[in-house]
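Here is how names work: the chains are called A, B, and so on, in the same order as the sequence lines, proteins then strands, and each is numbered from 1. Keep in mind the model is a prediction, meaning the values are calculated, not measured.
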There are 2 protein chains.
Amino acid sequence: MKWHDLNEDACPLARAMGVVGDRWTLLILRECFLGVRRFDGFQKRLGVTRHLLAERLKRLETMGVLERRPYQQRPLRHEYRLTPSGKSFAPVLLAMQGWAEHNLPSPTPTPFTFVTRDSGAEVDPVVIDRKSGQELTHRTVLMVPKPASDQSAADLPRTDQAEGAAVAGPKAK
Amino acid sequence: MKWHDLNEDACPLARAMGVVGDRWTLLILRECFLGVRRFDGFQKRLGVTRHLLAERLKRLETMGVLERRPYQQRPLRHEYRLTPSGKSFAPVLLAMQGWAEHNLPSPTPTPFTFVTRDSGAEVDPVVIDRKSGQELTHRTVLMVPKPASDQSAADLPRTDQAEGAAVAGPKAK
DNA sequence: ACAAGTCGGTTCTATTTTAGAACTTATTAT
DNA sequence: ATAATAAGTTCTAAAATAGAACCGACTTGT
């Protein structure tokens with residue numbers, strides 16, 4: 001399968017991989033959220049090769065996640081800023097960071113925190129369902145193939161998808 | 001920078017990239033949540049090469065995201081199941097899926113949905129702060145470098161990190 | 001004026017990853 | 001005996017990444 005094909009996949013997760021499915025892109029976005037805007041800023045902080053950085057920035061730009069805008073003439077220089085799409089990526093970063101912090105332990109402490117803009121308190125991100133307010137975890141949510149189209153669920157096990165019910169049980173703690 | 005180094009990075013997001021920072025791993029996890037457990041199941045549904053699939057499964061296993069357990073003797077065969085760590089990855093998938101669905105449009109409809117286990121209703125994932133209940137977006141949350149260690153914030157712009165304040169304004173609707 | 005420095009890249013070669021297909025081993029089904 | 005299934009492994013070719021050097025358009029220091 002080619003890289004390019006991912007962008008046209010019916011699955012949003014696959015399309016997301018077409019944008020952030022590599023070692024660097026998410027880290028570039030992290031830097032954006034930390035306020036970095038310039039080529040050399042990204043390069044120095046990440047240690048990524050300039051070649052790759054240029055390519056990734058270009059991709060993020062064409063995918064509408066970053067925008068490139070001039071910050072000076074003579075010599076003409078551009079900086080990279082999060083677009084609305086890029087800004088709305090924040091919750092993904094939050095969720096990913098939370099997962100990694102809990103499941104990929106490290107001896108060294110996390111070099112940054114997420115705080116609320118108004119109180120300045122560190123946040124503890126949780127994913128909930130907007131409508132019911134219920135927390136969404138593998139115990140409360142199920143991923144189900146859509147009946148639609150021709151071949152979505154072929155090869156999928158019939159029952160007990162997501163293997164949750166069998167494991168979860170009445171362990172509401 | 002070498003692949004391996006990411007797993008020891010102080011930043012949880014970087015460590016996460018050491019696990020899911022490629023085109024396939026997240027899609028393998030998607031299949032896990034859809035109920036797929038066997039090598040050929042993953043291979044057929046994803047179209048990934050067997051070589052790479054074997055490597056990715058091995059990595060997910062050594063990182064504690066999946067566990068490999070025998071489901072039959074003679075011939076001995078193993079299946080892959082989400083560990084608690086793997087299951088707790090669900091919110092990340094939710095957030096990523098939501099982002100991609102809103103920001104990377106596609107002509108074809110999403111081939112699956114996330115529904116609540118009890119009501120069966122489709123969910124609308126939002127990330128909130130567990131304590132305050134406040135929704136977490138780039139407007140309400142700020143990513144700040146920790147003062148700690150020696151060189152965390154060098155090269156970072158002093159003010160208006162995350163460029164939020166300037167953009168957000170009183171646009172509370 | 002001239003040399004050195006900054007910024008945002010591009011170009012180059014060497015190394016690593018990935019793609020794609022074939023092959024292996026153990027065992028059951030026909 | 002032959003074919004099929006399952007879970008890999010082993011090849012070679014193609015693609016992506018690393019690492020370092022180079023370039024153009026200025027600005028700054030002397």
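Residue Trp24(A) places none of its side-chain N or O atoms closer than 4.0 Å to OP1 or OP2 of dA16(D).
For the pair Lys44(B) NZ and dG8(D) C1', the computed distance is 14 Å after rounding to whole Å. Summarising the geometry, the separation between CZ on Arg77(B) and C1' on dT5(D) is reported as 8 Å, rounded to the nearest angstrom. The separation between Leu52(B) atom CG and dT16(C) atom C1' is 13 Å, rounded to whole Å. Gln43(B) places its CD atom 12 Å from the P atom of dA19(C), with the value rounded to the nearest Å. Atom-to-atom, CZ of Arg74(A) to P of dC26(D) comes out at 5 Å; the value is rounded to the nearest Å. When the P atom of dG8(D) is taken as reference, atom CZ of Phe42(B) falls 11 Å away, rounded to whole Å. Separating the CG atom of Leu53(A) from the C1' atom of dC7(C) is a distance of 13 Å, rounded to the nearest angstrom. As rounded to whole Å, 12 Å separates atom P of dA15(D) from atom CZ of Arg23(B).
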Using a cut-off of under 3.5 Å, enumerate the N/O to N/O pairs linking the protein to nucleotides 9-12 of chain C.
from: dG9(C); atom 1: OP1; to: Arg68(A); atom 2: NH2; distance (Å): 3.3
from: dG9(C); atom 1: OP2; to: Tyr80(A); atom 2: OH; distance (Å): 2.7
from: dG9(C); atom 1: N7; to: Arg50(A); atom 2: NE; distance (Å): 2.8
from: dG9(C); atom 1: N7; to: Arg50(A); atom 2: NH2; distance (Å): 3.0
from: dG9(C); atom 1: O6; to: Arg50(A); atom 2: NE; distance (Å): 3.2

Expected list for residues 6-21 of chain A: side-chain donor-acceptor pairs under 3.5 angstrom, two or more places apart:
from: Asp9(A); atom 1: OD1; to: Cys11(A); atom 2: N; distance (Å): 2.7
from: Arg15(A); atom 1: NE; to: Leu104(B); atom 2: O; distance (Å): 2.7
from: Arg15(A); atom 1: NH1; to: Asp9(A); atom 2: O; distance (Å): 2.9
from: Arg15(A); atom 1: NH1; to: Ala10(A); atom 2: O; distance (Å): 3.2
from: Arg15(A); atom 1: NH2; to: Leu104(B); atom 2: O; distance (Å): 2.9

For a quick test of your reading: what N or O donor-acceptor pairs under 3.5 Å do the side chains of residues 89-101 of chain A make, sequence neighbours left out?
from: Trp99(A); atom 1: NE1; to: Ser85(B); atom 2: O; distance (Å): 3.0
from: Trp99(A); atom 1: NE1; to: Ser88(B); atom 2: OG; distance (Å): 3.4
from: Glu101(A); atom 1: OE2; to: Thr110(A); atom 2: OG1; distance (Å): 2.4

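Using five terminal pairs a side, the axes of the helix from dA1(C)-dT30(D) to dT30(C)-dA1(D) at its two ends make an angle of 0°, given in steps of 10 degrees.
With sequence neighbours excluded, no residue forms a side-chain hydrogen bond (donor to acceptor under 3.5 Å, both in side chains) with Glu55(A). When the side-chain hydrogen bond (donor to acceptor under 3.5 Å, both in side chains) test is applied to Asp118(B), no partner is found at least two apart in sequence or on another chain. A search for side chain to side chain contact (heavy atoms under 4.5 Å, CB included) contacts involving Thr113(B) returns Val144(A), Lys146(A), Val115(B), Glu122(B), not counting sequence neighbours. Contacts of Ser106(A) classified as side-chain hydrogen bond (donor to acceptor under 3.5 Å, both in side chains), with partners at least two apart in sequence or in another chain: Thr108(A). Here Glu79(A) pairs with Arg81(A) under the side-chain hydrogen bond (donor to acceptor under 3.5 Å, both in side chains) rule; sequence neighbours left out.
Of the residues in residues 7-20 of chain B, not one comes within less than 4.0 Å of DNA chain C through any heavy atom.
For Leu76(A) and Arg56(A), each mapped to the nucleotide of DNA chain D holding its nearest heavy atom, the one lying further toward the 5' end belongs to Arg56(A).
Contact detail for Arg23(B) and Leu27(B): the closest heavy-atom pair is O-CD1, 3.7 Å.
The hydrophobic cluster around Val126(B) extends to Val126(A), Ile128(A), Ile128(B), counting ILVMFWY residues whose side-chain heavy atoms fall within less than 4.5 Å of a member. Cluster partners of Tyr71(B) are absent, since no Ile, Leu, Val, Met, Phe, Trp or Tyr has side-chain heavy atoms less than 4.5 Å from it.
Side chains of Thr25(A) and Arg59(A) form a contact here, defined as non-hydrogen atoms less than 4.5 Å apart.
For Pro75(A), the side-chain atoms get nearest to dA25(D) when compared with the rest of dA19(C), dA25(D), dA7(D).
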